[in-house]
2 protein chains.
Amino acid sequence: MEDEVDRLVAAWRRERPDLDVEPLEVLSRVSRLARHLDRARRLAFSEHQLEPWEFDVLTALRRAGTPYQLSPGQLLTQTLVTSGTMTNRIDRLAKKGLVERLPDPSDRRGVLVRLTDEGRDRADQALAGLLEQERAILSELSRAQRAELAGLLRQLTAPFDNIPG
Amino acid sequence: MEDEVDRLVAAWRRERPDLDVEPLEVLSRVSRLARHLDRARRLAFSEHQLEPWEFDVLTALRRAGTPYQLSPGQLLTQTLVTSGTMTNRIDRLAKKGLVERLPDPSDRRGVLVRLTDEGRDRADQALAGLLEQERAILSELSRAQRAELAGLLRQLTAPFDNIPG
DNA sequence: GGCGTTTATCTCGACGTCAAGACGCTTCAC
DNA sequence: GTGAAGCGTCTTGACGTCGAGATAAACGCC
């Protein structure tokens with residue numbers, strides 16, 4: 001089955017036959033698929049009255065394990081946003097009652113962000129919904145193909161995740 | 001080599017051993033890799049004084065072939081942004097002299113956006129730079145692995161590109 | 001122990017995007 | 001032809017993010 005990248009690559013080969021556009025076969029698909037996934041995630045989360053950015057913050061806290069608390073600084077390294085953005089996000093999540101700010105007992109400069117019980121439940125429900133949807137998207141592939149794909153992608157992501165920041 | 005998704009999956013297995021989080025092995029890697037690619041692209045384009053959104057618009061026109069012109073409507077279906085955003089983008093590109101607005105001779109409601117000579121050159125240069133960078137990222141994989149990866153990704157993107165919008 | 005540097009968080013202004021709606025032109029049925 | 005509906009583009013206001021800077025506390029060197 002043909003996809004949009006096949007058409008895009010064909011157009012480039014017509015317009016720029018001098019260039020080798022083979023890299024686009026892989027990386028344009030990655031970017032476009034990510035875009036589709038963003039939309040699908042937004043839809044899945046809306047059933048739980050959550051925005052994608054809310055899910056990102058809540059699940060980072062959820063994954064931390066009991067007592068489900070992290071500093072704003074830890075949150076922003078995990079979510080790859082800037083500090084101003086994170087302050088804003090925490091404000092809004094706190095207003096919705098999904099997290100609460102606590103003073104850090106060991107550092108008076110810092111605060112700790114803790115998941116409320118409701119925040120934890122919402123994160124758990126949204127994760128279950130997300131996994132269900134993702135399983136449907138991946139049903140195009142066999143178990144072996146999924147493992148193969150995960151392995152190839154890991155080879156590409158590992159340099160980014162390990163060498164720089 | 002381990003990557004960030006391995007750590008993320010391990011955390012979920014610890015916190016939610018009841019859930020099957022296998023889908024994340026593939027799709028979280030896709031999303032995270034796309035994010036890294038966005039940053040890398042931004043860096044590559046900055047050498048040519050172009051923003052990613054400028055590259056998207058200019059190359060859409062470039063791929064159209066001579067005389068390198070499309071309507072705003074065609075541009076927004078290709079770039080997946082809204083009409084207000086596209087108006088704004090065209091304004092800024094026109095101000096920089098990379099595109100020009102022409103009245104559509106066959107429909108007085110419409111306009112045509114045409115690449116200037118400078119716009120075409122900048123698009124070509126930026127594309128060459130992008131491909132060079134992407135080749136470096138993909139050097140982790142053999143030619144056969146790249147083809148395998150492209151094929152697997154196509155199976156996932158094709159449903160999005162063909163069935164809905 | 002004082003002083004400069006580093007670290008953690010928040011504040012503020014600018015910017016790009018989106019969604020909804022306004023406006024003008026075209027198309028088509030009658 | 002005329003009126004209504006459709007289409008293409010632009011305008012507007014709200015929102016989320018970023019980046020730079022402010023503030024305050026902690027650290028470390030001497």
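Quick caveat: nothing in here was measured; it's all calculated off a predicted structure. These values consider heavy atoms only, across backbone and side chains, with no hydrogens, waters or symmetry-generated copies. Every chain is numbered from 1 and lettered A, B, ... according to where its sequence line falls, protein lines coming before strand lines.
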request  = Please indicate whether Glu132(A) has more than 12 foreign heavy atoms, meaning atoms of other residues, nucleotides or ligands, lying under 6.0 Å from its CD.
outcome  = no

ask   = Considering residues, nucleotides and ligands other than Arg108(A), do more than 12 of their heavy atoms fall under 6.0 Å from its CZ?
value = no

Test applied, side chain to side chain contact (heavy atoms under 4.5 Å, CB included); reference residue, Leu153(A); option that passes from Arg32(B), Arg29(B), Glu25(B) = Arg29(B)

query = If only atom types and distance count, is the side chain of Gln145(A) paired as donor or acceptor with the main-chain N or O of Ser142(A) below 3.5 Å?
reply = yes

key: Side-chain (Thr116(A)) to main-chain (Leu98(A)) donor-acceptor, under 3.5 angstrom   = yes

message = What is the first contacted nucleotide of DNA chain D and what is the last, in 5' to 3' order, if contact means an atom lying under 4.0 angstrom from a heavy atom of chain B?
response = dG6(D) to dT11(D)

task = Could you check Arg108(A) against Val81(A) and say which one's nearest nucleotide on DNA chain D is further toward the 5' end?
result = Val81(A)

query = When you match Arg92(A) and Asp107(A) each to their closest nucleotide on DNA chain D, which lands nearer the 5' end?
reply = Arg92(A)

key: Lys/Arg-Asp/Glu bridge criterion (N-O < 4.0 Å) met for Arg89(A), Glu54(A)   = no

message = Would Ser31(B) and Ser28(B) count as a side chain to side chain donor-acceptor pair (under 3.5 Å) here? Give the steps.
response = CA-CA 5 Å; Ser31(B) 292; Ser28(B) 289; over 6 Å; no

message = For chain B and DNA chain C, what are the first and last nucleotides along the strand, 5' to 3', with at least one atom under 4.0 angstrom from a heavy atom of the protein chain?
response = dG16(C) to dT26(C)

request  = On DNA chain C, check which nucleotide each of Arg101(A) and Arg109(A) is closest to and give me the residue with the more 5' one.
outcome  = Arg109(A)

request  = Assess the side chains of Asp3(A) and Thr157(B): does a donor N or O sit below 3.5 Å from an acceptor N or O?
outcome  = yes

message = Mind checking if Gly84(B) touches a base, just sugar-phosphate, or nothing, with heavy atoms under 4.0 Å?
response = base

